[in-house]
Structure formats: C-alpha cells, structure tokens
2 protein chains.
Amino acid sequence: MSTAHGARARARIEVTAAIKDEARRQLAAQGAARLSLRAVARELGMVSSALYRYFPSRDDLLTALIIDAYDSLGENAEAAHEATASPFERWITVCEAVRGWALDHPHEYALIYGSPVPGYTAPDATVPAAARVGLLLIGIARDAHQGAALDRPAPADDLRPEAERMAADLAPDLPPEVVTALVAAWAQLYGLVGFELFGQFNRVVEDRETFFRHAVGQLARGVGLVPGPR
Amino acid sequence: MSTAHGARARARIEVTAAIKDEARRQLAAQGAARLSLRAVARELGMVSSALYRYFPSRDDLLTALIIDAYDSLGENAEAAHEATASPFERWITVCEAVRGWALDHPHEYALIYGSPVPGYTAPDATVPAAARVGLLLIGIARDAHQGAALDRPAPADDLRPEAERMAADLAPDLPPEVVTALVAAWAQLYGLVGFELFGQFNRVVEDRETFFRHAVGQLARGVGLVPGPR
DNA sequence: ACAAAAACGAGAGCAGTGCTCTTGCCCGGG
DNA sequence: CCCGGGCAAGAGCACTGCTCTCGTTTTTGT
C-alpha cells in the first residue's frame, strides 16, 4: 500500500521524489532523449538496478515527468487566469502564461507537445492532466457566452454534424461553432508557441512578445471574444 | 573532388544514396531516435566503421534526412499548388497537401517540425529547404494581392514596426499586416497538423478532414484571402 | 609508367546505455 | 523473537556512437 504508515513507506516516497527531482533536473538540462537512468542513479549515489524498484522502466519515469509537466503548465495557466478581468483579457493572459511556461521549460514543453520520444506512446493516465489548459480556454469562452459577450462565429454547413458532436462531448452549453473554433485555436496556440520554441521564427520574427500577443488576440476574435469590459 | 569521373566517385555517391535510403527506411519504420548507424550498416552488409567514411556522425546523417524531408514536403506542396485556380482554393490545396504529406510520413514530419532530436540543432544548410512551403504561401498571397483580390487585414498599431521589418525581409511588395498574418498562419497550420499527428485530437476531433479544411479556410481569411473566382 | 597519396573496408576496442538476474542484508509485522 | 519481503549491490547481456589501426585498392602527380 502506498498509504502505509511505516518508516519504509515514507522512505520509499522520499526516494521516489528524489529520483523524479534528479530526473527533472537532467530533463531540463539536456532534454528527454539524453535522460539516462544510470546517470540519475549515479547522481543519487545508488546503483542503477536499485532504481528499477521505483520505476519499472525508463518510460514509466518519463510518464511521471510528463504528468508533472502537464500539471505544472496547467497550474501556471490557472494561476495567471484568476488575475484579470474581461474574458478577452483573460484569454490573452492564459495564452501568454502558456508561452512563458514553455520558454521557461523548453525541454518539458517538448516532452509533452513535441514529437513523441523514441517508441513512446503516452498512456491514458496523462489525459486528465493534459486537458487542463483546454478546459481553461473553454471556461473563458463559457463565461463570455453567459455574459452575452460572445460574437458567435459564422456557422459552416459542412462542419455542422462534427461541430455538434464535439460540442456534445466538450461543452454542451456552448454554440457548436464556438467549440470547433476553440479546438482550432487551441491547436494554433500550440503552433505559435512551438514555432518560436523550436527555432522556426529565427531570423523571421524579432519582437516575439508583440507578435504573439497580436496573434493570440486574433485567435480570441476567431472564437468570438472581443476586447471590451466585463 | 566530388565531381570526379572515376569509378570510385560513382561508387561513392551510390553508397551514399544506399545509406540514406536504408536510413530513411528505418526512420519511417521506427522514428528518428531509434535510427541506428550500426543497424543501417548491418543491413547494407558493411561494417559500422565504414559508414563513417560517408557521414562523419549520426547527426550528419540526420541532417541529410532532414533536408530531404523538407524538399519532399516542399515538392509535394508545390505539385499540389499548380493544379487549382483561385488563390483561396490554392491556399486550401497547399495546406491539405502539407497535412497529407505529414500523415504519410509521420516520423519525417516529426523530425523536421517536432521537438529537435537529442542534442541536435539544425545547421544553416537546412534553411533554404525549410523555407519552400513558406515561400509558396507568400506567393499565393502575392498573386491575390496583384489581382486586387486581397482583403487586407486591419493593421495593428503596436505591431506596426515589427510588421514593417518583417515585410522588408520577406515580401516587400505585400502590405505589412498581410506578412505578419502570413507568418502567424504558417505557424498555426503547423499547430493544426501537429496536434492531429501527435494524437492530441484523439477522442476530440473525429472528422479530421472537414475540421482541417474549415480551419485552414479561416486561416486564409485571416490573411485576407476570400473564396471566389480568379 | 611509376611512385606517392588519398580513399576505403575490416576489425578491435572504449565508454556509455536500458534492463535482468542473482546474491546477500536488514528492517518490521506476525 | 524470527523470518519473509523489500531493498541495494554487483555482474552480465545486448545494444549504441565513435575512434584508431592496419592492410588493400584506387586515384593522382610527376
């Protein structure tokens, strides 16, 4: 049991945390592909085989780090979210929080949103953590909608069935065309952050903050959010 | 000299091509991180050290594959480009060609647009190949502009200096606000493709083709392209 | 045409990796 | 008290990228 009381149990969660901390250090320093179980064990003064008592494989360690990264990003975005006022401004703030976290934790961002590492496929355990930012954006749109401050985008006939299906799954209280616009904006936000982070904007975009703010403003308009009070 | 006439020189380019072919096979099958120099050499019936006469390191092999991938993607997009008529339709077609190529070559797409592999940083040699798709999109906007079929997006005051700088670098004949919208759309296209490819749309978007077509249509409108003749 | 030079393939070897298996120790619950 | 299970340690396997040396073959310069 992980909730046992013994000193052994406490030692176990301490060692587990120490392993994750050291692994996160190496991840931040060199990236996921250079994260080495043996190096983690070496740094912690233990032998590599001992580490397998805590994480059955390298992929399991990476999975733990992925979930932590999603949570860290989500917390960061949620914290930024509470501060400001109008939905439009909150949208911008959340997007900028995502970008800021990505620039501060490039390797962790690459781990969760970049191309999947070696033969690794993320297990279902990561799904709830991964959804946090998306739910935040949906919540902003919902607030604007309830405050009647949403300029609903024009519906498209051919997208209609899919839009209704997505809305039923994600946000039944929002107009379907807003839901599809939200999902698209979410992916496009990831594109903007990824291009900057992975160097595709080198020698192209110079004033990245201004460019980003403007681009995510357009994203907000695409889902129907307009600058203004309330 | 690499342009010498001898049988030796011809053999060299043949062996080089064979290495790249086998490497591309392994890349497509297992991804970049599992591409092994020794396995390539083994499959080709040569000893691993001999391979270093052709590529001084694993990263150099990867660089060659990256350039080839950019060119393959670029050719694919350019081929699709010539077929259709109006700029708006050409925009859609090029975007769908990019998506189609990505779905057909997921590991190659991840190699060029995903998170950079291990400690790898792309050398300058890849820049021209990487720019092909971007130039294509710029060309479409240029055609529409010259045909007076561009609804210029509203300029933004705070982005003005950066927009003018970017326009001077990339497309001096286009209005600055169109250039920034183009760059943003380019990054957002990458976001849409990446999210689908890397599984972020699982259990969210079902009818991917329709969703994608609609989203890139919105992207086109964002740069001022409107559906219509000519 | 002949010798010097460059290119090449093969093999051994180094340092590193993930992971498994066996051997003992030592702590905690019966 | 004692003995079973969790634990660390070590050896070992099958890999990896990369280097160096050693003959052999081909190209090149005189």
Side-chain angles (χ1 to χ4, degrees), chain A residues 1-20 22-23 25-27 29-66 111 116-121, chain B residues 1-20 22-23 25-27 29-66 111 116-121:
Chain A
M1 277 289 163
S2 57
T3 58
H5 304 19
R8 282 283 77 81
R10 190 163 51 247
R12 174 167 245 282
I13 69 176
E14 269 176 24
V15 173
T16 305
I19 292 173
K20 284 212 291 187
E22 176 58 30
R25 268 201 49 239
Q26 293 196 14
L27 172 61
Q30 305 156 335
R34 291 201 170 170
L35 188 157
S36 150
L37 282 189
R38 295 181 104 113
V40 170
R42 200 181 306 132
E43 211 70 19
L44 261 51
M46 57 172 98
V47 87
S48 71
S49 60
L51 217 151
Y52 285 82
R53 303 251 174 216
Y54 300 89
F55 294 92
S57 83
R58 187 177 180 276
D59 278 2
D60 291 86
L61 217 195
L62 276 180
T63 300
L65 295 182
I66 286 178
L111 180 62
V117 110
Y120 178 83
T121 53
Chain B
M1 276 290 165
S2 58
T3 59
H5 306 19
R8 188 119 225 170
R10 189 164 51 246
R12 174 167 245 281
I13 69 175
E14 268 176 26
V15 172
T16 304
I19 292 173
K20 284 211 292 187
E22 176 58 30
R25 268 201 48 240
Q26 295 195 12
L27 171 62
Q30 306 156 336
R34 291 200 171 171
L35 189 158
S36 150
L37 282 188
R38 296 182 103 113
V40 170
R42 200 181 307 132
E43 211 70 19
L44 261 51
M46 59 171 97
V47 88
S48 71
S49 60
L51 216 151
Y52 286 82
R53 303 260 179 212
Y54 299 88
F55 294 93
S57 85
R58 186 177 180 278
D59 279 1
D60 291 86
L61 217 195
L62 277 181
T63 300
L65 294 182
I66 286 178
L111 180 62
V117 110
Y120 178 83
T121 52

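Quick caveat, the model's predicted, so the values are computed rather than measured. Each chain gets a letter, A, B and so on, in the order the sequences are listed, and its residues count up from 1.
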B/S/- contact track for nucleotides 17-23 of chain C, protein heavy atom under 4.0 Å: BBBBB--
Please report, rounded to the nearest Å, how far the [atom2] atom of [N] is from the [atom1] atom of [X].
X	N	atom1	atom2	result
Met46(A)	dG10(D)	CE	C1'	16 Å
Gln30(B)	dT16(D)	CD	P	10 Å
Arg8(B)	dT24(D)	CZ	P	15 Å
Ile13(A)	dG6(D)	CD1	C1'	16 Å
Arg10(B)	dA7(C)	CZ	P	18 Å
Leu44(B)	dG9(C)	CG	P	11 Å

For residues 41-56 of chain A, which side-chain N or O atoms pair as donor and acceptor with protein atoms under 3.5 Å away, sequence neighbours left out?
none

Distance test, side-chain N/O of Arg12(B) to OP1/OP2 of dC8(C), below 4.0 Å: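 Yes, within the criterion.
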NZ-CG distance between Lys20(B) and Leu27(B), expressed to the nearest 0.5 angstrom: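 Interatomic distance, Lys20(B) NZ to Leu27(B) CG, rounded to 0.5 Å: 12.5 Å.
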Partners meeting side chain to side chain donor-acceptor pair (under 3.5 Å) with Arg25(B) (sequence neighbours left out):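 Only Glu22(B) meet the side chain to side chain donor-acceptor pair (under 3.5 Å) criterion with Arg25(B).
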Residues in side chain to side chain donor-acceptor pair (under 3.5 Å) contact with Thr16(A), at least two apart in sequence or another chain: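 With sequence neighbours excluded, Thr16(A) shows a side chain to side chain donor-acceptor pair (under 3.5 Å) to no residue whatsoever.
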Arg12(B) vs Arg8(B), side chain to side chain contact (heavy atoms under 4.5 Å, CB included): CA-CA, chis, key distance, verdict: CA-CA 6 Å; Arg12(B) 174 167 245 281; Arg8(B) 188 119 225 170; 5.9 Å; no
Touch class at under 4.0 angstrom, heavy-atom based, for Tyr54(B) against every strand present: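 Answer is sugar-phosphate: Tyr54(B) comes under 4.0 Å of backbone atoms only.
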Thr63(B) and Asp60(B): side chain donor to acceptor below 3.5 Å: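 Distance-only check fails for Thr63(B) and Asp60(B).
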